[in-house]
Amino acid sequence: MFSKYRKLNEEDSIKYIKEKMDVFGKDERLISREIGDGNINYIFQINSQDSNFSVVIKQADKKLRSSGRDLDTDRIRIEAEALNIEGELSKGMVPKIYLYDREMRCIIMEDLSKYQIMRKALVERKIIKNFSENISDFLLNTMLPTTDLVNTPMEKKKMVKKFINPELCDISERLVFTDPYRDIEENTFQKMNKNFVEGKLYKDEKLHLEVAKLKIQFMTNAQALIHGDLHTGSIFVKDDKIKIIDSEFAFYGPMGYDVGNIVANLFFAEIRNLVLNEKSNQFDKWITETIKNTVDLFKIKFINYLENNTKEKIAITNKFFDWYLDEVLGYTAGAAGLEMIRRIVGEAKVEDIESIKDSELKGNAERIGIKIAKELIMNRNKIKTGKNYLDIADEMIMEELNDGKIR
Ligand code: ADP
Ligand code: MG
């Protein structure tokens, strides 16, 4: 029945799963719910009423869930292949894949609904134990083995080919690297920040130059297989465990892009907590330490991993590793800044900031975020440690303290 593509609905998804897999008995009573909250794909959660087992089906339709615009369905192949690689390299930090169905453009995978989306946990000010340890492991273990230093250069080039992802890269190139810097209708923010955004983002040519450099590197530096959309909405958490989902943006790009995305999204949780005037609580302490430790652990593990695993034979000295890491760190700071700006003014917002009800406080949050972001982009080649990030944030927060409603 499902040998040719058709778009699933809840009812069909039950017939589909029974046809494709034998994890549920023929007469088992199943319930399907479409639970997608993104704007791209459809997610069906299938629960058995007769056993505890459940699965999730992700289907990529050729039309976007939100706007109905066309989007290449090759993204579901990329997601399935990336999840397989990430799962193997990270030893299980992604959902188990039960089946990838090319015809139906579906991935049938482990149901993670016992986990919570990290962004929601952060909005609830939950402390996620060992997060910096775990995410730095994920980043290192999934990215470094795919680089030219660790994979054989020939195999690596074949992999680059597999992960050419034009349409999804185009989305990032537009939403992250272009639109937030132009005065266009799609950009939205608090009215009080109109002049601020114009001056700081639309008219700053020095900033545009640096954004253009970062954009070209994004487009041309096939450094490693990266996730490409690694924000806190793509991370499930439970106690001290994390699972990474939604790898459809994966391609060979600069490693710092993923690391910077993590840092930026941690900053959103910090800024939210700060403007809601709960600065001196445990959560603030944890989130700032987590920002710092994520960068510092990434650095230590990065060098360590390369010292033990590099296959490249020329110039393999610590000086070379330091040079290589330095470039990644610079891109990390730049990407963190880009992500913060695009989430504050651009089309795809984040709940951390969106859920601040008071418009003056939200305006404060926007300005703090944009100020930190610009520092990160403009000074990225000097930002080398976790402490550097915290110092910049402290300075920008101080600047804002006098002007706004925050205390
Ligand atoms: P999209 O690519 O459309 O953004 P995501 O992969 O981000 O889709 O998934 C959207 C939502 O569906 C997630 O935020 C999560 O709530 C839910 N979801 C996705 N995958 C799973 C899973 N394996 N288990 C449980 N829920 C999931
Ligand atoms: Mg997605």
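Atoms within each ligand, like the ligands themselves, are counted from 1 in listed order. Below, all heavy atoms of this structure are taken into account, side chains as well, without hydrogens, waters or symmetry copies.
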Ile117 N/O to ligand 1 N/O under 3.5 Å: no
Closest protein heavy atom (residue, atom, distance) for atom 17 (C) of ligand 1: Ile35 CD1, 4.1 Å
Of the N, O or S atoms in Glu248, the one nearest the Mg ion (ligand 2): OE2
For atom 1 (P) of ligand 1, the option (of Asp229, Asn41, Ile235, Leu83) bearing the nearest heavy atom: Asn41
No-hydrogen, no-angle side-chain donor-acceptor test under 3.5 Å, Asn41 and Arg75: yes
Mutual orientation of the aromatic rings belonging to Tyr324 and Phe320 [parallel < 30°, tilted 30-60°, perpendicular > 60°]: parallel
Protein residue, atom and distance nearest to atom 16 (O) of ligand 1, heavy-atom basis: Asp37 OD2, 4.0 Å
Residue Asp229, metal the Mg ion (ligand 2), N/O/S under 2.8 Å: no
Protein residue, atom and distance nearest to atom 7 (O) of ligand 1, heavy-atom basis: Asp246 OD2, 3.0 Å
Ligand 1-proximal atoms of Glu248, by part, heavy-atom distance under 4.0 Å: side chain
Interfacing atoms of ligand 1 (cut-off 4.0 Å, heavy-atom, Asp111): 24 (N), 25 (C)
Validation row: Lys374, Lys371 side chains within 4.5 angstrom (heavy atoms): no
Any Phe236 heavy atom less than 4.0 Å to ligand 1: yes
Glu11 atom CD, over 12 foreign heavy atoms within 6.0 Å: no
Closest approach of any protein heavy atom to atom 24 (N) of ligand 1, naming residue and atom: Leu112 N, 2.8 Å
Residue pair Val237 / Ile242, side-chain heavy-atom distance below 4.5 Å: yes
Ligand 1-proximal atoms of Val56, by part, heavy-atom distance under 4.0 Å: side chain
Nearest-option assignment for atom 23 (N) of ligand 1, heavy atoms, candidates Glu79, Lys120, Glu110: Glu110
Geometric cation-pi criterion Arg105 and Tyr5, 6.0 Å radius, 45° cone: yes
Check: Tyr16 ring centroid to Phe2 ring centroid under 6.0 Å: yes
Residue Ser113 vicinity, atoms of ligand 1 by number, heavy atom under 4.0 Å: 25 (C)
Nearest neighbour in protein (non-hydrogen) for atom 8 (O) of ligand 1: Lys58 NZ, 3.5 Å
Contact atoms of ligand 1, heavy-atom distance to Met109 under 4.0 Å: 23 (N)
Centroid-centroid distance, Tyr181 to Tyr202, less than 6.0 Å: no
Thr178-Lys215 side chain donor-acceptor pair, cut-off 3.5 Å: yes
Tyr115 six-ring centre to Lys238 NZ/CZ under 6.0 Å and within 45° of normal: yes
Exercise: do Ser48 and Glu28 side chains pair donor with acceptor under 3.5 Å: yes
Which segment of Ile43 sits under 4.0 Å of ligand 1 when only heavy atoms are counted: side chain
